[in-house]
> 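Sharing a structure with you now.
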Amino acid sequence: MTKLVPISAPHFDLQRTLDSGQVFHWLPDAAGGYQGLIGETPVRIKQTGDQLWVTPGTEVLAARYFALDHEMDAICASFPADPGLSEAATFCHGVRILRQPLWECVATFLTSAMKQVIHIRQMSLAVRQRFGRRVPGWEPLAIYPEPERLACATETELRECGLGFRAKNLLGTARSVAEGVVNLEAIRAMDDNAALAELCRLPGVGPKIANCALLFAYERLGAFPIDVWIERVLRKNYFLRKPNVTPKQLQEFAARHFGPYGGYAQQYLFHHARTEKKKVKGSSSH
DNA sequence: GGCCAGGTGGAAA
DNA sequence: TTTCCACATGGC
């Protein structure tokens, strides 16, 4: 195995970041690190303290992908003083919001509807293995298939990857992107509202998934996806006295309350809630 | 063996 | 406008 080279990564936690439900294809390796693909580039990665060790030649790529330039002090300082968020932020120290490639982020979150994180991983890996280009020596990983490739797959083939009713949406979205009906690159230049609306033109993409794409691929750190977990947290932390609050009101509250880095707040609340639940379940089972 | 999961879209009220 | 429901799958 090639020697890895170090880059400086203070306030970064590789394991927590990869386990926080924003990316789904990294695999643990025998050396206590991970192997994965950043776009089409295979990368081995491992963390020791404040050093991140990566495949030689991928230092710049990895630093950008893992968002090592995000100023975490400023981001955390921008959060409202709020006990629920403070606890989550402390718990999630080191979790970064990645900069993922547009298409694979849109496509994997498209398949996330009504699925647990572990299932999203399985589906994502199955789609890669079935349709993606292989990287010699990196099996079972494969590059996430281009929209053009998925556009000429059949719904039956996609269902065989465990997608269920999501197969039709992935196929339709792949076709829309392949045909240029929606131009993912062009969305980069749009403001947040226009970008959200444009993403929602894709079949199977609504506000939740569009916000995930904005946050995890388009670097919109204020985007605030509301899923079942976040909705529960918001209701519990801020609306115990108002059980009738609507999803729309929750979205407006989040935009107002959490500020310009609301997406980070959201990710911390999400990961904290999920991990706490897992701990409780694990410790009470005997 | 039910329960539930990083939702969405279309119909009904 | 809001509310309701179908849509597939698999780990726990």
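Computed over heavy atoms, backbone and side chain alike; hydrogens, waters and symmetry mates excluded. Letters go in sequence order (proteins before strands), and every chain restarts at 1.
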> Using a cut-off of 6.0 Å, state whether more than 12 heavy atoms not belonging to A:Glu252 lie near its atom CD.
yes

> Without decimals, in angstroms, what is the distance between A:Ile120 CD1 and B:dC4 C1'?
13 Å

> Over all strands shown, is A:Ile230 touching base, sugar-phosphate only, or nothing at heavy-atom distances under 4.0 angstrom?
base

> Heavy-atom nearest nucleotide on DNA chain B for A:Ser20 versus A:Val205: which residue maps closer to 5'?
A:Ser20

> Check whether the side chains of A:Tyr144 and A:His25 place a donor and an acceptor atom closer than 3.5 Å, and report yes or no.
no

> Which heavy atom of A:Ala174 sits nearest a heavy atom of A:Leu150, and at what distance?
CB-CB, 3.7 Å

> Closest-nucleotide mapping onto DNA chain B: is A:Pro203 or A:Phe216 further toward the 5' terminus? I mean the 5' end.
A:Phe216

> Any donor-acceptor pair under 3.5 Å linking the side-chain atoms of A:Gln267 with those of A:Ser20?
yes

> Could you give the CD-to-C1' distance, from A:Gln116 to B:dC3, as a whole number of Å?
9 Å

> Base, sugar-phosphate, or nothing for A:Arg159, non-hydrogen atoms under 4.0 angstrom?
sugar-phosphate

> Measure the distance from CE on A:Met114 to P on C:dT9 and round it to the nearest whole Å.
14 Å

> By the 4.0 Å heavy-atom rule, please label A:Thr108 as base, sugar-phosphate, or nothing.
nothing

> Whole Å only: how far is the CG atom of A:Asp227 from the C1' atom of B:dT8?
14 Å

> Which part of the nucleic acid, if any, lies within contact of A:Arg232, taking any heavy atom under 4.0 Å across all strands shown: a base, the sugar-phosphate backbone alone, or nothing?
sugar-phosphate

> Roughly how many Å is it from CH2 in A:Trp229 to P in B:dC4, rounded to a whole number?
11 Å

> Heavy atoms only, 4.0 Å cut-off, all strands: where does A:Gln267 land among base, sugar-phosphate and nothing?
base

> Regarding A:Phe24, tell me which of base, sugar-phosphate or nothing describes its non-hydrogen contacts under 4.0 Å with the strands shown.
nothing

> Compare every heavy atom of A:Ala213 with every heavy atom of A:Cys105, then report the nearest pair and how far apart it is.
SG-CA, 4.1 Å

> Just the rounded figure in Å: distance from P of C:dT9 to NZ of A:Lys168.
14 Å

> For A:Gly21, report the nucleic acid contact type (base, sugar-phosphate, nothing); a contact means any heavy atom under 4.0 Å.
base

> Taking only the side-chain heavy atoms of A:Val228 (C-beta and beyond), determine which of C:dG11, B:dT8, B:dG7 contains the nearest atom.
B:dG7

> Return the value, rounded to whole Å, for the distance between atom CD of A:Glu155 and atom C1' of C:dA8.
11 Å

> Could you give the CE-to-C1' distance, from A:Met123 to C:dG11, as a whole number of Å?
13 Å

